[in-house]
Amino acid sequence: MRVRFAPSPTGYLHIGGLRTALYNYLLAKKHNGSFILRIEDTDQSRFVEDAEADILASLAWAGLQYDEGPVKGGPNGPYKQSERSDRYREIADVLVQSGNAYIAFDSTEEIDALKAKHTSPTNPNPRYDYSTRLEMNNSLTIGAQEVSERIQRGDEFVIRLKVEPGQSVVFNDSVRGGVTFESDAVDDQVLMKSDGLPTYHLANIVDDHDMEITHVIRGEEWLSSTPKHILLYKAMGWEAPQMAHLPLIMSPSGGKLSKRNADTLGIPVSVSQYVEAGYEPEALLNYLALLGWNPGDDREIMTLPELCEAFALEKVGSAGVQFDLQKLLWFNEHYLRAKAPLEIASAELEAVCSRFGPVTQEFLAESIALMLDRMSFSKDIIDFSYLFTAPSEFDEASLAKRWKSDSGAVLLSFCNDLAALSDWKAPSLEASLKAKLEKEGWGMGALMFPLRMALSGLPSGPDLYRLMELLGKEEVLSRLNHAAATLKTDQ
Ligand code: GLU
């Protein structure tokens, strides 16, 4: 089994593209096959400067390593279409020689005129095809002598596929089953452009053949191109790979998830935006794996090796699948919480230190362990500023409601107990607090609320005893004294 991911560097890698890459990867790994990366960069007009670098970086971030491809190389290289032009020209010539393609000199104006002439209510989009090609300037209508003279003198020309009418183009799609297109509806696709570069269709089938690709797995938007590809394989006498077209990714508001409606809904579309937002790669992969495929049971959390093991094209659905950012967040929280706090700490240490001053990695790891079930992203730790610095603001609304006239005195009294405590650990802190409540006859809230407020400035938060242990005796006493001295209710 040899599969390929064949992005065009016309923009940053889209999450739909990452899903396509992932399904290819999973299938290859499941069958001990090869996963090939090929850059389809023949469309100069849509070329985006740093798109290729973004594609490589995004795949590396996701951990989808390819077996053959740019930079890495391999036996079927080069893996960039712009470096394979000679081969496409060679095949275009073969197709012309065998009568499956022809040379066409028509200018844009002539093609526009053809369209204008044939446009009618019953034929709103006339095509350059079997029904019109004999009205045009091509090697089917001009003598061979003139064709070669025009080429000699440098007239611009393209090479078009000669699609014969009246054929049913049939292929089996692993996702959709039997698919049939009538050749009457297929135009005489340009294969080589006047700049001497191939179109996607020609380059794609030549490379899939030369790279010995056995399975083509790509988005549904390419389904309508497939009959052209099947005709090309036939014309060359090559065997077509097995096809599989993945379902469209739909917007939660309906319709295809376009960049525009994703932006309106606050859904990132490029992988680099997910990287930037701090998503865990495992979470994004797990989520995307289930966006169109299921393992046939109710498993949701699956590691990459588990996905490889379970993946099958037969379980990919053909209906569009709705993108659900909340669900992705759920996966992210799961993978984040499964990580070792020390690992998260090492990723966040620099950001935390540059915001709050020196913090040790051990302290940060303990802070993360305390806060993990309140975090969705590893960078969320920085938002809990009271872990690293005494609060300078206190939640007004809850102060007004729950800070009593004796709250300051309650804190100071508890400070005395704490000052005498030698074992500064959560269980002793808890025991000491409970003993205090018992001794004074206070309700839980009478001490817990002012304590929490003094330590964090907020009415709710993590386990208080663990927080006190983490902050240390000196810091806790200082925050309690400060709160007792400064916080007051309005009454
Ligand atoms: N270059 C096409 C793209 O950008 C590849 C389609 C295919 O996989 O055949 O998606």
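Keep in mind that the numbers below use all heavy atoms, side chains included, and drop hydrogens, waters and symmetry copies. For ligands, and for the atoms within them, numbers begin at 1 and follow the listed sequence. The residues of the chain are indexed from 1 along the displayed sequence.
- Listed by number with element, the atoms of ligand 1 under 4.0 Å from a non-hydrogen atom of Glu40 are 1 (N), 2 (C), 5 (C).
- For the pairing with Asp187, the salt bridge (charged side-chain N to carboxylate O under 4.0 Å, His left out) check across Lys228, Lys162, Arg127 returns one residue only, Lys228.
- In this structure, Val163 and Tyr130 approach most closely via the heavy-atom pair O-CB, 4.0 Å.
- At a heavy-atom distance under 4.0 Å, no atom of Thr10 approaches ligand 1.
- Only the side chain of Tyr200 comes within 4.0 Å of ligand 1, counting heavy atoms alone; its backbone N, CA, C and O stay farther away.
- Judged by the shortest distance from any of its heavy atoms, Arg4 lies inside the 4.0 Å radius around the atoms of ligand 1.
- Between Glu40 and Tyr200, the side chains place no donor N or O within less than 3.5 Å of an acceptor N or O (distance only, hydrogens not considered).
- Under a 4.0 Å criterion applied to the non-hydrogen atoms of Asn204, ligand 1 contributes the atoms 7 (C), 9 (O).
- Where the criterion is an N or O separation shorter than 3.5 Å, residue side chain and backbone included, Ala6 meets it with respect to ligand 1.
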Take Leu64 and Phe5 through the side-chain contact (heavy atoms from CB on, under 4.5 Å) test and state the conclusion after the steps.
-> CA-CA 11 Å; Leu64 299 182; Phe5 176 52; over 6 Å; no
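- A pairwise comparison of heavy atoms in Ser58 and Ser272 identifies OG-N, 4.3 Å as the closest pair.
- Summarising the geometry of Asp43 relative to Lys193, their closest heavy-atom pair is CA-NZ, 4.0 Å, with the distance given to 0.1 Å.
- If you check which protein heavy atom lies closest to atom 3 (C) of ligand 1, you get Trp222 CZ2, 3.4 Å.
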